[in-house]
Amino acid sequence: MQELTVNTDEHTQLLDITSQVREAVRGVSGAAVLVYVPHTTAGLTINEHADPLVARDFEMALEKIVPEGWGWQHLEEGEENAPSHPRASLMGPQVLIPLRDDGELALGTWQGIFFCEFDGPRTRSVYVSVLA
C-alpha cells in the first residue's frame with residue numbers, strides 16, 4: 001500500500017488525483033487498484049477531468065443536495081461539519097480501477113480520479129493498493 005498526501009484549500013473541493021495514483025502504481029503488476037480515503041468527511045469519485053468546471057459543478061450540486069442550513073443534529077462546538085458526513089457518504093470512500101496488462105489505469109478517455117473534500121481546508125491521506 002502507498003499513502004498519498006492531499007492538501008485542500010477550500011471547504012468543499014474536488015481535486016484531480018489521477019496522476020498521483022498513476023505514479024503510485026507505476027511498475028506494479030496486478031488486476032486492479034483500490035483507492036481509499038480513511039476520512040468520514042471526504043470521499044472519492046471517478047468522472048470527467050478534461051473540463052475543470054465539471055468538478056465545480058459537483059461541488060455546487062452536493063452543496064445543494066445536502067445544504068448547510070438543514071436542522072442538523074450532529075453539532076460539535078468548533079466542528080460545524082454535519083453536512084460533510086452525508087456528502088462524503090454520497091461520494092463513497094473508495095474507487096476500484098482495473099489495471100491493463102501494461103500496468104496502466106483502465107480509465108476511459110475523459111475519466112479522472114477525484115479526491116472530494118467536504119470539511120477543508122485540510123491535509124488528507126489517500127491509500128492506494130494494487131490488488132492481485
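Remember, it's a predicted structure, so these values are computed and weren't measured experimentally.
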(Q) Parallel, tilted or perpendicular: which one describes the rings of Tyr36 and Tyr127, with boundaries at 30° and 60°? (A) parallel
For the student: nearest non-hydrogen atoms of [X] and [Y], plus distance:
X: Arg124; Y: Ala42; answer: CZ-CB, 4.1 Å
X: Gly112; Y: Thr18; answer: CA-OG1, 3.2 Å
X: Pro38; Y: Ser125; answer: CD-O, 3.3 Å

Q) Does Leu99 sit in a hydrophobic cluster with other residues, and if so which ones, taking ILVMFWY side chains as linked at heavy-atom separations under 4.5 Å, directly or through other members? A)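 So far as hydrophobic clustering goes, Leu99 is joined with Leu4, Val6, Leu15, Ile17, Val21, Val25, Val28, Val33, Val35, Val37, Leu44, Ile46, Val95, Ile97, Leu105, Leu107, Ile113, Phe115, Val126, Val128, Val130.
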Q. Tracing side-chain links under 4.5 Å among I, L, V, M, F, W and Y, which residues wind up in one group with Leu34?
A.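 Hydrophobic cluster check, Leu34: joined to Leu96, Leu131.
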Are the side chain of [X] and the backbone N or O of [Y] linked by a donor-acceptor pair below 3.5 Å?
X: Thr8; Y: Gly120; value: no
X: Gln2; Y: Ala24; value: yes
X: Gln111; Y: Gly108; value: yes
X: His85; Y: Thr41; value: no

Q) Taking a hydrophobic cluster as the set of Ile, Leu, Val, Met, Phe, Trp and Tyr residues connected by side-chain heavy atoms closer than 4.5 Å, whether directly or through intermediates, do Trp70 and Leu90 fall within one such cluster? A)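 Cluster IDs for Trp70 and Leu90 match.
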Those residues that, when tested against [X], pass side chain to side chain donor-acceptor pair (under 3.5 Å) (two or more places apart):
X: Glu104; answer: Arg22
X: Arg26; answer: Glu23
X: Thr123; answer: Asn7

Q.
Less than 3.5 Å apart, any donor N or O on the side chain of Arg56 or Thr12 sitting next to an acceptor on the other?
A.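 Result is no, nothing qualifies.
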Q. Does one side chain, of Asn47 or Thr45, offer a donor that lies under 3.5 Å from an acceptor on the other?
A. no
Q: Please examine the side chains of His49 and Val54, heavy atoms only from C-beta on, and report whether any two atoms are closer than 4.5 Å.
A: no
Q. Do Met91 and Phe114 have side chains that get closer than 4.5 Å, going by heavy atoms?
A. no
Q | Between CZ on residue Arg87 and CD on residue Glu59, distance to nearest 0.5 Å | A |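 Atom-to-atom, Arg87:CZ and Glu59:CD are 10.5 Å apart.
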Q. Quick one: which of Ser84, Pro83, Pro121 gives a side chain to side chain contact (heavy atoms under 4.5 Å, CB included) with His11?
A.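 The single option meeting the side chain to side chain contact (heavy atoms under 4.5 Å, CB included) with His11 is Ser84.
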Q. In chain order, what residues pass the side-chain contact (heavy atoms from CB on, under 4.5 Å) check against Ala50, with sequence neighbours excluded?
A.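 For Ala50 the side-chain contact (heavy atoms from CB on, under 4.5 Å) partners, ignoring immediate neighbours, are Glu48, Trp110.
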Q) Just wondering, more than 12 heavy atoms not from Asp51 lying within 6.0 Å of its CG? A)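 Enclosed: over 12 neighbouring heavy atoms sit under 6.0 Å from CG of Asp51.
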